[in-house]
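This report refers to the structure that appears directly beneath it.
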Amino acid sequence: MVTQAGPPDPAGGPSTSRRRRRLRSRPAVRDLLDEALAGVAARPTRLILTTLGTVLGVAALVGTVGLGQTAAGQITQRFDLAAATRVVVQPDDKDGQEGEAATQLPWDAPDRIKRLNGVEAVGTVSNLEIGDDLVQNVTGLDEGAGKALQVMAGSAGLWDAVRATLQTGRFFDQGHDQRADKVVVLGKHAAERLGINRVDSQPAVFIGDEPYTVIGILDSVSGRAELNDAVIMPNGAARNAYDLESPDAVEIRTAVGAAQLIAEQAPIAIEPNNPSTLRVDAPPKQGAVRKGVESDLNALFLLLGAVALLVGGLGIANVTLLSVLERISEIGLRRALGAARRHIAVQFLVESVIVGFLGGLLGTAVGVILTVSVSWIRDWTPILDNRLAFGSPLLGAFIGLVAGTYPAWKASAIQPITALRGT
């Protein structure tokens with residue numbers, strides 16, 4: 001015989017017991033958030049200090065990565081303007097005898113290369129063999145204090161090709177070259193060693209026994225750093241004084257993106273009958289270089305940001321653990337009233353996540369403001385990954401979750417009787 005179950009007992013039958021177990025196992029999300037927010041807001045000073053660690057960590061992460069990406073963009077941009085537009089052509093000495101080149105560059109090589117589309121400036125440069133001759137300022141002749149400086153020769157187009165700028169004076173031009181005028185331009189380091197800092201009084205230097213008038217002092221060059229330490233004279237003067245037979249190299253400045261094409265065409269333009277006797281130094285493709293620079297900088301700044309973020313996570317863990325120790329009586333009372341261990345653990349986890357999310361949100365704002373401010377001061381174009389900006393608050397919440405795991409487990413392990421007895 002089957003006995004039918006009667007209506008649920010108002011005093012507490014099977015249905016009531018199941019309902020109580022269900023409510024006890026699944027606390028309302030709203031109640032959980034209310035309790036967590038109340039626990040977080042109960043100590044505002046501690047909340048500010050705890051959040052500050054996460055704010056600094058996330059701000060450091062967002063700011064360093066943002067500034068790293070921005071700096072990488074500026075570095076690659078400048079690299080493109082300088083190195084990625086430079087092509088150098090010189091004789092290939094692999095077939096030479098006793099160090100002599102297999103071929104010689106013609107003096108009119110710059111005129112031949114200028115005809116190529118994409119060439120913006122071109123000039124020749126040579127290192128001169130001056131033997132034991134020293135370079136000295138005319139005011140130091142009585143002392144005999146000569147300097148062993150590198151002496152070089154160049155064409156009038158060299159300055160534009162290497163993006164040279166002047167501290168003072170002027171460059172020698174094609175007229176100086178054709179007349180073989182005995183004039184020189186000093187590199188900035190060479191000028192310092194010779195004690196020359198102005199040219200308005202037409203100072204002279206002696207190379208061996210021959211005087212040369214200084215008409216300019218370099219400030220900076222791109223690609224030919226040795227020019228800063230040298231004394232540079234026109235090709236015409238070098239041919240007369242040192243029997244310079246041909247240029248050592250041709251410096252070419254191209255339009256952006258034209259370097260690879262000019263590198264292929266230049267040897268044919270200079271030596272159409274045997275272009276293989278010339279060696280061409282051309283920049284690598286821009287894309288690979290840019291990616292390499294950006295990758296290296298991003299890895300460095302990401303590591304620094306991760307360390308700062310770790311410090312913020314440890315701050316959350318320490319403060320949450322301290323909060324557990326201070327609220328032992330509250331935890332014991334909740335357990336005595338029927339709260340399960342998981343309820344206590346979830347409450348402290350939610351509190352840690354809230355703190356981490358607030359810190360991540362504020363830290364993202366600080367990091368973005370920092371990136372934009374530094375870029376504005378330096379006149380850069382700010383570059384910031386949107387995924388980082390929008391994902392950082394969630395990252396802060398995740399750090400809070402990880403940091404609060406151990407304190408939450410510690411809180412859930414407290415026994416009601418032990419907690420109440422301790423109070």
Side-chain angles (χ1 to χ4, degrees), residues 88-91 93 96 99-114 121-138 146-164 166 169-191 193-194 196 199 202-218 221 223-253 270-271 278-279:
V88 181
V89 182
Q90 51 193 339
D93 58 0
E100 295 182 357
T103 189
Q104 291 182 340
L105 293 171
W107 287 108
D108 64 343
D111 296 328
R112 301 182 186 185
I113 294 177
K114 282 181 181 178
V122 58
T124 64
V125 62
S126 305
N127 291 316
L128 300 180
E129 296 293 336
I130 63 174
D132 296 330
D133 290 345
L134 299 177
V135 181
Q136 52 189 330
N137 188 351
V138 65
K147 307 293 183 183
L149 298 176
Q150 175 66 54
V151 180
M152 304 178 72
S155 65
L158 174 65
W159 312 116
D160 224 7
V162 298
R163 301 178 186 272
L166 286 169
R170 57 168 294 185
F171 298 119
F172 55 72
D173 54 29
Q174 193 170 359
H176 293 106
D177 195 350
Q178 293 174 349
R179 295 188 301 268
D181 291 341
K182 299 174 71 173
V183 297
V184 293
V185 173
L186 301 180
K188 61 180 180 181
H189 301 315
R193 294 186 62 187
L194 292 171
I196 299 175
V199 298
Q202 296 185 334
V205 295
F206 277 76
I207 304 177
D209 297 328
E210 294 295 324
Y212 292 82
T213 302
V214 179
I215 63 172
I217 299 176
L218 291 179
V221 294
R224 283 276 177 181
E226 62 267 29
L227 291 174
N228 287 320
D229 301 298
V231 179
I232 309 104
M233 66 176 64
N235 284 332
R239 294 170 71 176
N240 284 348
Y242 298 101
D243 297 325
L244 181 64
E245 296 181 358
S246 66
D248 287 349
V250 179
E251 283 279 346
I252 307 171
R253 178 166 63 86
I270 296 174
E271 190 66 36
L278 300 178
R279 185 175 79 249

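Only heavy atoms go into these numbers, but all of them, side chains included; no hydrogens, no water, no symmetry mates.
Taking every heavy atom of both residues into account, Ala164 and Val221 meet most closely at CB-CG1, 3.8 Å. Taking both residues in full, the closest heavy atoms of Gly123 and Ser155 are given as CA-OG, 3.2 Å, listed atom of the first, atom of the second, then distance. Closest non-hydrogen pair, Val183 versus His176, comes out as CG2-CD2, 3.9 Å.
Distance check, rounded to the nearest 0.5 Å: CG of Leu186 to CG of Asn137 gives 9.0 Å. Rounding to the nearest 0.5 Å places CD1 of Ile252 at 12.0 Å from NZ of Lys114. Ile215 CD1 to Asp181 CG: the interatomic distance, rounded to the nearest 0.5 Å, is 8.5 Å. Rounding to the nearest 0.5 angstrom, the gap separating the NE2 atom in His189 from the CG atom in Leu227 is 11.0 Å. In this structure, Lys147 NZ and Leu194 CG are separated by 7.5 Å, a value rounded to the nearest 0.5 Å. Atom-to-atom distance recorded for Gln174:CD and Arg179:CZ is 10.5 Å, nearest 0.5 angstrom.
Looking at Val214, Val151, Val135 one by one, the single match for side-chain contact (heavy atoms from CB on, under 4.5 Å) with Val184 turns out to be Val214. For the side-chain contact (heavy atoms from CB on, under 4.5 Å) test with Pro106, the passing option among Ile270, Asp111, Val250 is Ile270; the others fail.
Within a 6.0 Å radius of CD in Glu226, other residues, nucleotides and ligands contribute more than 12 heavy atoms.
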For side-chain contact (heavy atoms from CB on, under 4.5 Å), just list the numbers for Phe172 and Val185, CA-CA rounded to whole Å, side-chain angles, deciding distance to a tenth of an Å, and then say yes or no.
CA-CA 7 Å; Phe172 55 72; Val185 173; 3.9 Å; yes

Report the C-alpha separation of Leu149 and Ile207 in whole Å, then their side-chain angles, then the decisive distance to 0.1 Å, and conclude whether the side-chain contact (heavy atoms from CB on, under 4.5 Å) test is met.
CA-CA 9 Å; Leu149 298 176; Ile207 304 177; over 6 Å; no

Side chains of residues 233-249: which donor-acceptor pairs under 3.5 Å do they make with residues two or more places apart or in other chains?
unit_1: Asn235; atom_1: OD1; unit_2: Gly154; atom_2: N; d: 3.4
unit_1: Asn235; atom_1: ND2; unit_2: Thr124; atom_2: OG1; d: 2.9
unit_1: Glu245; atom_1: OE1; unit_2: Gln104; atom_2: NE2; d: 3.2
unit_1: Asp248; atom_1: OD2; unit_2: Asn127; atom_2: N; d: 2.8

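Side-chain contact check for Thr213 versus Val199: every heavy-atom pair is 4.5 Å or farther apart. Looking only at side-chain heavy atoms (C-beta outward), Glu271 and Val89 stay at 4.5 Å or farther from each other. Considering only heavy atoms from C-beta on, Val88 comes within 4.5 Å of Glu251 through its side chain. Within the 4.5 Å cutoff, the side chain of Leu218 has heavy atoms near those of the Leu166 side chain. Annotation: side chain of Val125 is not in contact with side chain of Val162 (no heavy-atom distance under 4.5 Å).
Ring geometry, Trp159 versus Phe171: the interplanar angle falls under 30°, so the pair is classed parallel (tilted spans 30 to 60°).
The closest donor-acceptor contact from the side chain of Arg253 to the backbone of Asp160 lies under 3.5 Å.
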